[in-house]
**Q** 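Take a look at this one; I'll ask things after.
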Amino acid sequence: MSSSDLAHEQTYVSTLYDRLAELEERARQRLAELPDDADSPPSVRSERAALATREVEKLARYRAAETGLCFGRIDLADGERRYIGRIGLFDDSGDHEPMLIDWRAPAARPFYLATAAAPMAVHRRRHLRLRGRVVTELRDEVLDSTTATPGDATLVGEAALLAELAAVRTGRMRDIIGTIQAEQDHVIRSEHRGVLVVEGGPGTGKTAVALHRAAYLLYTYREQLAHRGVLVVGPNQTFVGYIDQVLPSLGETGVRMATLADLLPGVTADATEPAEVAEVKGRAVMAEVVAAAVRDRQQVPAEPTPVTLTDRHPSLAYQAEVVTLEPADCAAARDAARATGLPHNRARRVFTDQLLTAVAGQVAGRLGDDPYAGESLGGGDAPGAGVSLLGGADVAALARELRGDPQLRAAIDRLWPQLTPQRLLTELYADDERLASAASALPAADRQRLRRDPGAGWTEADVPLLDEAAELLGDPPAPERAAPRSDEEIEYAQGVLEIAEGSRTIDDEDSESELLSVPDLLTAEQLSGRQTTIDTRSVAERAAEDRSWAYGHIIVDEAQEVTPMGWRALLRRCPSRWLTVVGDPAQTGRLGPPTDWDAVFTADGAAWQLARLTVNYRTPAEVMTLAAGVLARVGPALPLPRSVRYTGHEPQLRRVDPAELTDQLCTLLTQEVAAVDDGRTAVIVPTGLFTEVAQAVTAARDDAATHDDPAMLEHPVALVTPLESKGLEFDSVVLVEPRQIVAESTSGWGDLYVALTRTTRRLTVLHTGELPAELQHTLEDL
């Protein structure tokens with residue numbers, strides 16, 4: 001590439017950065033010019049808050065774009081040039097000519113799809129590499145259809161892609177906007193408005209594609225998604241930390257990133273449990289178990305139940321202080337409450353009202369026989385006045401009076417308690433009788449797996465069950481009286497009323513009409529109660545605190561790990577059923593049958609499509625040759641993704657003495673860290689060996705870390721289990737005791753396949769016994 005080309009591009013890129021700086025300054029000025037809203041009416045404050053939010057979002061996008069602002073250019077056959085970058089920029093002329101085209105815009109698509117065989121009117125594609133604001137390298141492709149061969153359609157921008165793949169890992173996933181390939185682009189820009197299921201083997205870019213699809217959808221459908229937001233769900237917190245900078249780097253900061261364990265506000269699910277227990281909790285039948293547990297708490301006594309009332313009821317002054325809860329009355333009240341279709345806690349009011357009415361009827365019957373009882377109800381002076389007062393209104397008055405009786409209220413609570421999801425599951429798990437009743441569809445051994453002490457913490461597998469319970473229980477009814485307003489709010493409302501009163505005309509005051517003014521209808525306290533506080537939280541922040549939030553779009557990564565109960569919780573949060581679901585059946589680590597997409601989505605009424613990614617950009621061909629035997633064991637019909645490159649580093653299989661395993665490992669790590677320079681090395685260890693190996697390695701090396709360190713992936717050496725390594729990538733991987741990984745669970749072959757395919761460059765397998773036969777082959781053996 002000539003120096004004049006480099007100088008030309010540097011001049012143009014500098015112009016783009018100057019324009020970006022102008023836009024940033026304008027956004028800052030608009031923010032500074034917004035007046036103080038403290039004394040403004042709520043409608044004005046709301047409008048200004050929305051303006052401020054938009055300017056803040058603009059600034060966030062501008063700042064995100066500063067890194068690698070422009071990365072490409074296409075020259076069209078008609079002489080037009082289009083520069084492609086992170087955001088769209090227009091000049092300041094009246095025509096607003098485009099200076100930089102957002103990578104998500106239709107006009108940028110030929111940059112990703114054009115090939116010599118199908119040039120899409122593109123004569124030349126240029127990749128620009130920047131360091132800061134300096135153009136350091138240019139790579140050109142001339143798309144000449146006269147010399148095209150079928151192989152030309154394989155990779156787009158091959159040189160730039162391979163250069164990116166060879167770069168060392170940093171512990172954080174990078175965006176791929178400069179090297180998106182054609183099959184990835186088709187998924188990112190898919191217009192399917194139902195569930196898009198994307199399957200792909202290791203290294204095919206599933207996660208990157210899913211995140212870039214989120215950015216594309218927010219760009220294309222911003223009006224639809226801005227208010228509802230996008231939820232991205234990953235398999236664990238390490239993974240979420242690994243990917244959490246991708247969308248901000250693309251200028252999208254309003255996306256919520258979470259795991260299934262994070263879905264329920266107020267619940268911390270950080271306890272652990274055996275995989276066999278999690279498998280039971282994840283089954284679809286558990287939805288009926290939770291529903292049965294709720295129904296079991298809506299009881300009818302087998303025998304009439306006497307309740308001794310407290311001495312607080314004027315109406316009962318001359319009557320016995322014992323009432324009876326009759327089974328027939330309780331059953332009728334229960335049936336009436338269930339018939340409403342309301343959640344348990346909301347229907348409790350119906351149950352209580354009907355049962356209290358029945359009890360009040362008992363009391364009314366007694367009062368009808370008492371000539372003096374009418375005095376306590378406010379009746380006449382003559383004997384027998386009580387009889388004339390035993391109408392429906394009086395029964396209702398008695399029911400209201402009885403509602404406050406502590407003993408009667410406690411009896412009703414036992415029959416239809418107000419429940420939280422936590423209380424429901426805690427008491428279910430801790431009681432053999434409750435489990436036997438609610439979980440009768442489960443074998444006794446599975447019910448025993450669910451059994452646990454009340455003080456145990458919540459696990460990730462509990463969260464979908466708690467969410468199911470929350471859906472069936474509902475929130476408790478709102479209190480009849482709102483919380484008192486602050487003095488400041490009441491004073492503000494009083495001022496509004498005075499203004500309203502002052503707006504009346506003299507004619508109004510002098511007239512004899514019955515017209516009422518605002519102060520005639522509202523007190524200051526009532527008006528202040530109608531004012532709402534302006535919510536300045538982001539969509540992601542508000543959604544995270546609202547269990548019932550309905551997202552505009554949900555992206556689920558490592559979707560093969562989601563259980564049937566997990567899918568119920570996710571689909572509940574997306575009524576539109578607009579989801580992007582990415583995964584690989586071969587990498588399933590959970591127990592239980594493999595995910596059946598048709599069973600998950602068609603049964604739910606969602607329209608779904610399947611797309612496949614077939615090219616492995618991450619894992620070298622040498623490593624995939626070794627992993628092929630394991631994949632054949634996982635699923636003989638599953639396709640092996642095609643690697644785009646060889647690195648020249650054959651996987652190393654080293655047998656060591658058991659007594660020297662950790663010493664040999666530490667020695668090997670010194671070599672691997674040096675071999676990958678500033679890159680990242682992972683030690684993937686079976687769960688049963690993890691504590692022993694991690695203690696030895698972290699004691700010997702101060703650059704090694706485990707998942708206990710939130711910054712684990714920023715260390716040169718990370719120690720992880722196969723499950724923790726899912727979705728991650730490293731320059732070098734040292735895999736310890738593959739046979740034990742296989743033996744630890746029924747999904748052991750899938751775990752081994754995951755562990756083998758995490759590397760971008762180098763793989764070493766350390767083992768103390770015989771290797772599995774599946775690791776002793778070549779592709780010709782398969």
**Q** If you measure from CG on L415 to CZ on R297, what distance do you get to the nearest 0.5 Å?
**A**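 Spacing of CG (L415) from CZ (R297) equals 11.5 Å.
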**Q** Taking side chain as C-beta onward, heavy atoms only, is E561 less than 4.5 Å from Q587?
**A**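 Sidechains of Q587 and E561: no contact.
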**Q** Answer whether the closest heavy-atom distance between the side chains of T588 and T595 falls below 4.5 Å.
**A**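 They are not in contact (no side-chain heavy atoms under 4.5 Å apart), so the answer is no.
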**Q** Could you check D467 against L263 for side chain to side chain contact (heavy atoms under 4.5 Å, CB included), going step by step and ending with a plain yes or no?
**A** CA-CA 8 Å; D467 194 63; L263 288 187; 5.8 Å; no
**Q** If you look only at pairs with a residue in residues 430-474, which of them pass as a ring pair (Phe, Tyr, Trp, His ring centres under 6.0 Å), with sequence neighbours excluded?
**A**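 Sorted result for residues 430-474: empty, none.
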**Q** Between R334 (side chain only) and Q299 (backbone N and O only), is there a donor and an acceptor less than 3.5 Å apart?
**A**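 No, the answer is negative, given that no donor and acceptor are paired below the 3.5 Å cut-off.
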**Q** Taking the side chain as C-beta and beyond, is there a heavy-atom pair between M286 and L450 under 4.5 Å?
**A**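 Yes, side chains in contact.
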**Q** With no hydrogens and no angle check, is any side-chain donor or acceptor of W416 less than 3.5 Å from a backbone partner on H344?
**A**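 Side chain of W416 to backbone of H344: a pair is present.
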**Q** Indicate whether the side chain of Q237 and that of D262 have a donor and an acceptor atom separated by less than 3.5 Å.
**A**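 Result is yes, a qualifying pair exists.
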**Q** Any side-chain to backbone donor/acceptor pair from S437 onto R434? Under 3.5 Å, distance only.
**A**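 Pair absent, no side-chain N/O of S437 close to backbone of R434.
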**Q** Under 4.5 Å between any side-chain heavy atoms of L196 and L579, yes or no?
**A**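 L196 does not reach L579 side chain to side chain.
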**Q** Which heavy atom in V582 sits nearest to a heavy atom in Q560, and how many Å separate them?
**A**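 Nearest heavy atoms, V582 then Q560: O-OE1, 4.5 Å.
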**Q** Can you run down the ring pair (Phe, Tyr, Trp, His ring centres under 6.0 Å) pairs that involve residues 263-300, sequence neighbours left out, and say none if there aren't any?
**A**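 Non-adjacent pairs meeting ring pair (Phe, Tyr, Trp, His ring centres under 6.0 Å): zero.
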**Q** Taking all heavy atoms of A360 and all of V395, pick out the closest pair and write down the distance.
**A**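 So the minimum-distance heavy-atom pair works out to CB-O, 3.5 Å.
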**Q** Can you find a heavy atom in the side chain of T207 that is under 4.5 Å from one in the side chain of D557?
**A**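 In contact.
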**Q** Any chance you could lay out the salt bridge (charged side-chain N to carboxylate O under 4.0 Å, His left out) test for D432 and R447, step after step, and finish with the verdict?
**A** CA-CA 8 Å; D432 289 329; R447 292 200 298 271; over 6 Å; no
**Q** To the closest 0.5 Å, what do you measure between CZ (R542) and NE2 (H227)?
**A**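 If we round to the nearest 0.5 Å, R542:CZ and H227:NE2 are 9.0 Å apart.
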**Q** Please round to the nearest 0.5 Å and tell me the distance separating atom CG of L408 and atom CG of L356.
**A**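 Between atom CG of L408 and atom CG of L356 there are 5.5 Å.
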**Q** Evaluate whether atom CD of E545 has more than 12 neighbouring non-hydrogen atoms of other residues, nucleotides or ligands under 6.0 angstrom away.
**A**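 Enclosed: over 12 neighbouring heavy atoms sit under 6.0 Å from CD of E545.
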**Q** Are any side-chain N or O atoms of D453 and backbone N or O atoms of A456, one a donor and one an acceptor, separated by less than 3.5 Å?
**A**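 No; judged by distance alone, with no hydrogens or angles, the pair does not exist.
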**Q** Between L309 and L402, is the side chain to side chain contact (heavy atoms under 4.5 Å, CB included) condition met? List the steps.
**A** CA-CA 9 Å; L309 304 178; L402 291 168; 3.8 Å; yes
**Q** Just say parallel, tilted or perpendicular for the rings of H553 and W578, cut-offs at 30° and 60°.
**A**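 Aromatic pair H553/W578 classed perpendicular.
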**Q** So which atom in R577 and which in L571 form the shortest heavy-atom distance, rounded to 0.1 Å?
**A**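 That closest heavy-atom pairing would be NH1-O, 2.6 Å.
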**Q** Backbone N or O of F239 within a donor-acceptor pair of the K726 side chain at under 3.5 Å?
**A**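 Judged by distance alone, no pair lies under 3.5 Å.
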**Q** For residues 273-285, which residue pairs qualify under salt bridge (Lys or Arg N to Asp or Glu O under 4.0 Å), counting only residues two or more places apart or in two chains?
**A**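 For residues 273-285: E273-K281, E279-R283, K281-D462, R283-D446.
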**Q** Do D329 and T324 have side chains that approach each other closer than 4.5 Å (heavy atoms only, starting at C-beta)?
**A**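 Side-chain contact under 4.5 Å: no.
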**Q** About how many Å separate OG1 of T721 and CG of D751, when rounded to the nearest 0.5 Å?
**A**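 D751 atom CG to T721 atom OG1 measures 8.5 Å (nearest 0.5 Å).
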**Q** Between the side chain of R295 and the main-chain N/O of A438, is any donor-acceptor distance below 3.5 Å?
**A**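 Not confirmed, R295 side chain does not pair with A438 backbone.
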**Q** With a 6.0 Å cut-off on the ring centroids, do W608 and H192 count as close?
**A**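 No: the rings miss the under 6.0 Å criterion.
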**Q** Counting only N and O atoms by type, is there a donor-acceptor contact under 3.5 Å from the side chain of W549 to the main-chain atoms of R228?
**A**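 Yes, because the side chain of W549 sits within donor-acceptor range (under 3.5 Å) of the backbone of R228.
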**Q** With rounding to the nearest 0.5 angstrom, report the CD to CZ distance, Q418 to R349.
**A**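 Interatomic distance, Q418 CD to R349 CZ, rounded to 0.5 Å: 11.0 Å.
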**Q** Strictly distance-based, threshold 3.5 Å: is any side-chain N or O of E724 a donor or acceptor partner for the main-chain N or O of H707?
**A**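 Flag not set: sc E724 to bb H707 has no pair under 3.5 Å.
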**Q** So, D604 and R568, do they make that salt bridge, N to O below 4.0 Å?
**A**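 So D604 does not pair with R568 through a salt bridge.
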**Q** Between CD1 of I412 and CD of Q407, what distance do you get to the nearest 0.5 Å?
**A**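 One gets 12.0 Å once the value is rounded to the nearest 0.5 Å.
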**Q** Below 4.5 Å, heavy atoms only, C-beta onward: do P274 and R449 meet side chain to side chain?
**A**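 No, too far: nothing below the 4.5 Å cut-off.
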**Q** Apply side chain to side chain contact (heavy atoms under 4.5 Å, CB included) to F351 and Q298, showing your working.
**A** CA-CA 9 Å; F351 175 82; Q298 300 164 358; over 6 Å; no
**Q** Tell me the closest heavy-atom pair linking I554 and C574, and the distance in Å.
**A**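 Scanning both residues, the minimum pair turns out to be CD1-CB, 3.6 Å.
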**Q** Looking only at heavy atoms, what is the nearest atom pair of L325 and A411, with distance?
**A**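 Taking L325 first and A411 second, the nearest heavy atoms are CD1-CB, 3.8 Å.
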**Q** Quick one, V230 and L225 - any side-chain contact, counting heavy atoms below 4.5 Å?
**A**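 Yes, at least one pair of side-chain atoms sits under 4.5 Å.
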**Q** Strictly distance-based, threshold 3.5 Å: is any side-chain N or O of E460 a donor or acceptor partner for the main-chain N or O of L260?
**A**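 Judged by distance alone, no pair lies under 3.5 Å.
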**Q** Kindly say whether E303 contributes a backbone atom to a donor-acceptor pair with the side chain of T305 at under 3.5 angstrom?
**A**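 Side chain of T305 to backbone of E303: a pair is present.
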**Q** Kindly give the heavy-atom pair with the smallest separation between E326 and P304, and that separation in Å.
**A**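 Reported closest heavy-atom pair: OE1-CG, 3.6 Å.
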